Amino acid sequence: MSSRSGSGVIDALYGAIMEAIGAPIELIDYRINSLSRGKGSLGKVTAQIRCDDQLFSGKAIEQDVMRASALALINAVNKMLLK
């Protein structure tokens with residue numbers, strides 16, 4: 001697991017997902033981009049993780065940025081598990 005420590009919601013989400021899979025994974029990059037403006041706007045989240053010196057990326061687009069964050073991390077983990 002990463003040596004990152006933080007108290008934000010993303011840190012808690014990342015920690016919960018990494019603990020659930022039980023693999024030594026490090027969150028390398030996390031980005032949120034707005035794809036539109038106003039109420040009901042879409043956010044695109046990109047997450048990159050590293051495991052055993054290999055990089056895996058996941059992306060998700062949702063109105064709820066927390067949901068998009070979880071889906072992006074899960075997408076990256078799924079790619080890692082399929083490798």
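Fair warning: this is a prediction, and the values are worked out from it, not measured in the lab.
The hydrophobic clustering, which links ILVMFWY residues whose side-chain heavy atoms are closer than 4.5 Å, places Ile32 and Met66 together. Val65 and Ile61 fall into different hydrophobic clusters, where Ile, Leu, Val, Met, Phe, Trp and Tyr side chains are chained together by heavy-atom contacts under 4.5 Å.
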(message) Using side chain to side chain contact (heavy atoms under 4.5 Å, CB included), reason through Leu27 and Leu73 one step at a time and then give a plain yes or no.
(response) CA-CA 9 Å; Leu27 181 62; Leu73 283 169; 3.8 Å; yes

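Contacts of Asn78 classified as side chain to side chain donor-acceptor pair (under 3.5 Å), with partners at least two apart in sequence or in another chain: none.
Taken to the nearest 0.5 Å, the NZ atom of Lys79 stands 10.0 Å off from the CZ atom of Phe56.
Here the shortest heavy-atom pairing between Ile49 and Ile28 reads C-CG1, 4.0 Å. The minimum heavy-atom distance between Ala76 and Gly58, with the atom names listed, is CB-N, 3.6 Å. Among all heavy-atom pairs drawn from Ala68 and Ala60, the shortest one is O-CB, 3.4 Å. For Leu13 against Ser69, the heavy-atom pair with the smallest separation is CD2-CB, 3.7 Å.
At a threshold of 4.5 Å between non-hydrogen side-chain atoms, the residues Val45 and Tyr30 count as touching. Between Gln63 and Leu42, some side-chain heavy-atom pair lies under the 4.5 Å cut-off.
Sorted by first and then second residue, the side-chain hydrogen bond (donor to acceptor under 3.5 Å, both in side chains) pairs involving residues 49-62 (not counting sequence neighbours) are Glu26-Arg50, Glu62-Arg67.
With Thr46 contributing its side chain and Arg31 its backbone, the two residues share no donor-acceptor pair below 3.5 Å.
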